[in-house]
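I have placed the structure first, in the form of structure tokens, so that the comments after it can refer back to it.
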Amino acid sequence: MAYIRMILKQRPALAWILAGSWVAVVGGVAYLWNLGRYGLIDETEPLFAEAARQMVLTGDWISPYFNGEPRFDKPPLIYWLMGFAYQVVGVNSWGARLPSALSALGLLGFSFFTLYHFGGPQPADNRPTGDSTLMRWWTTLLSCSLMALSPLLVIWGRTGVSDMLLTACISGAMFAFFWGYAQVDQPRQQQRWYLFFYILLGLGTLTKGPVAIVLPVLGIALFLLFLGKKTVVQVLQEARWLRGSLVVLAITIPWFLAITWQHGSAYVDDFFGYHNFERFTRVVNNHAAPWYFYL
């Protein structure tokens with residue numbers, strides 16, 4: 001134990017290398033090991049994989065197609081990433097699942113960075129001791145390991161659909177927001193984190209639609225309301241929400257305009273009407289549960 005404390009104190013770079021290596025090994029085993037060993041499963045994974053393959057074959061990177069029919073279920077980011085993966089590793093289940101695996105690894109890395117900075121015990125005078133530093137490393141490594149190996153994260157991180165990418169965008173956005181919120185004494189760093197927050201909101205919207213904005217903003221709103229009205233006003237000013245809204249629109253609007261130009265009301269009715277309104281207001285696809293289950 002004394003040797004570990006010595007490494008943490010005298011060779012912090014080595015401590016970061018060892019900790020990063022551990023997280024990389026755990027994440028690699030959880031998400032990359034034997035990733036393409038099994039063929040595509042269920043009915044949803046082949047829908048995503050084939051739509052991405054059609055983009056590569058046709059060169060049409062605006063409209064996803066499956067069996068010659070437009071597939072309006074999801075925006076294009078997951079198809080784009082799968083298409084790029086196909087061009088690198090080939091058209092196979094490994095390529096179809098690689099974006100999900102990398103999304104999980106990215107989220108794991110961001111979680112590690114955030115947990116180390118904000119987690120663990122903090123001495124009253126903010127001067128880390130050997131024991132507090134050791135406990136912080138232990139807390140961070142244990143938390144990231146548990147996160148990496150949680151069953152749902154492993155399943156979605158090894159499945160070629162959009163859910164893991166959406167999770168990474170939403171969780172990453174909330175992490176980035178908190179980093180900005182906590183950097184009150186460093187305005188320049190604060191604005192960079194808030195910008196990253198808006199970028200991730202935009203990428204999440206290109207992954208699965210407006211839900212990528214609604215969920216994190218709802219969580220953040222509850223957090224700020226808990227802190228008080230004065231904090232809400234202060235944070236909105238710090239975050240420059242109007243500028244941030246323009247960033248989100250700049251990321252998302254070009255594709256939405258392009259696909260609407262190609263397909264008109266058919267796209268608007270199907271994507272926004274069916275997939276983003278009816279799914280949250282009534283039972284669809286013959287699912288048996290009552291409406292309040294989905295709410």
Side-chain angles (χ1 to χ4, degrees), residues 24 26-111 147-173 200 202-212 215 251-252 255 259 270-271 274-276 279 284-285 287:
V26 173
V29 170
Y31 304 114
L32 294 175
W33 181 60
N34 279 338
L35 182 63
R37 181 176 181 180
Y38 302 101
L40 302 178
I41 59 174
D42 195 54
E43 66 178 53
T44 309
E45 209 177 16
L47 290 173
F48 280 90
E50 176 60 16
R53 190 180 76 90
Q54 287 297 313
M55 280 189 168
V56 175
L57 288 178
T58 64
D60 181 358
W61 294 84
I62 300 297
S63 299
Y65 286 90
F66 183 83
N67 283 351
E69 296 293 329
R71 187 169 194 263
F72 296 144
D73 297 43
K74 303 294 182 293
L77 185 57
I78 186 63
Y79 304 124
W80 291 345
L81 295 178
M82 285 182 175
F84 297 153
Y86 288 161
Q87 294 177 321
V88 175
V89 302
V91 180
N92 48 50
S93 55
W94 168 268
R97 293 166 181 158
L98 187 58
S100 293
L102 294 180
S103 297
L105 289 172
L107 177 58
L108 186 63
F110 200 1
S111 301
M147 177 182 173
L149 300 175
S150 65
L152 279 177
L153 212 63
V154 172
I155 290 171
W156 292 115
R158 300 178 66 90
T159 305
V161 296
S162 60
D163 295 75
M164 192 63 246
L165 179 59
L166 176 69
T167 300
C169 288
I170 289 178
S171 302
L200 288 173
L203 294 177
T205 305
L206 279 183
T207 300
K208 212 163 186 176
V211 68
L215 291 181
I251 293 172
T252 58
W255 179 80
I259 196 168
D270 191 84
F271 180 73
Y274 178 74
H275 290 289
N276 284 277
R279 280 181 179 271
V284 299
N285 292 343
H287 292 170

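These figures come from a predicted structure and were not determined experimentally. Counting begins at 1 with the first residue of the sequence.
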How close do Met82 and Val161 get, counting heavy atoms only, and between which atoms? CE-N, 4.1 Å

List the atom of Ser93, the atom of Leu40, and the distance in Å for their closest heavy-atom pair. CB-CD2, 3.9 Å

Give me the atom names and distance for the closest heavy-atom approach of Ala49 to Ala96. CB-CB, 4.0 Å

Ser171: what forms a side-chain hydrogen bond (donor to acceptor under 3.5 Å, both in side chains) with it, not counting sequence neighbours? none

On a heavy-atom basis, which atom in Pro64 and which in Ala51 lie closest, and how many Å separate them? CB-CB, 4.4 Å

Under the ring-ring contact (aromatic ring centres under 6.0 Å, His included) test, which residues partner Phe66, sequence neighbours left out? none

Got a sec, which residues hit side-chain contact (heavy atoms from CB on, under 4.5 Å) with Leu32, two or more places apart in sequence or on another chain? Leu35, Trp94, Leu98, Ala101, Leu105

Which value, rounded to the nearest 0.5 Å, describes the distance between Leu102 atom CG and Leu81 atom CG? 9.0 Å

Test item: Pro99 and Ile78 side chains (from C-beta on) under 4.5 Å apart, heavy atoms: yes

Hey, does the side chain of Ser100 reach the backbone of Thr159 with a donor-acceptor pair shorter than 3.5 angstrom? yes

Work out which heavy atom in Pro75 is nearest to a heavy atom in Gly209; give both atom names and the distance. CG-N, 3.6 Å

For Arg158, what residues pass the side-chain hydrogen bond (donor to acceptor under 3.5 Å, both in side chains) criterion, not counting sequence neighbours? none

To the closest 0.5 Å, what do you measure between CG (Leu215) and CG (Leu166)? 7.5 Å

For the atom pair CG (Leu57) and CD (Glu50), what is the distance rounded to the nearest 0.5 Å? 7.5 Å

Looking only at heavy atoms, which two atoms of Val26 and Ala148 are closest? And how far apart? CG1-CB, 3.7 Å

For Ile62, which residues count as a side-chain contact (heavy atoms from CB on, under 4.5 Å) partner, sequence neighbours excluded? Asp60, Trp255, Ala258, Ile259, Gln262

Any residue meeting side-chain hydrogen bond (donor to acceptor under 3.5 Å, both in side chains) with Glu45, in chain and number order, not counting sequence neighbours: Arg97

Contacts of Ile251 meeting side-chain contact (heavy atoms from CB on, under 4.5 Å) (sequence neighbours excluded), chain-then-number -> Ile199, Leu203, Leu206, Val247

Taken to the nearest 0.5 Å, the spacing of Ser162 OG from Asp73 CG works out to 9.5 Å

side-chain hydrogen bond (donor to acceptor under 3.5 Å, both in side chains) partners of Asn67, counting only residues at least two apart: none

Quick check for you: to the nearest 0.5 Å, what is the distance between Leu153 atom CG and Met164 atom CE? 4.5 Å

side-chain contact (heavy atoms from CB on, under 4.5 Å) against Trp61, all qualifying residues, sequence neighbours excluded: Met55, Val56, Trp80, Phe84, Gln87

Residues 34-53 vs ring-ring contact (aromatic ring centres under 6.0 Å, His included), sequence neighbours excluded, gives Phe48-Tyr79

Go through Leu107 and Met147 one step at a time and tell me if the side chain to side chain contact (heavy atoms under 4.5 Å, CB included) criterion holds. CA-CA 10 Å; Leu107 177 58; Met147 177 182 173; 3.5 Å; yes

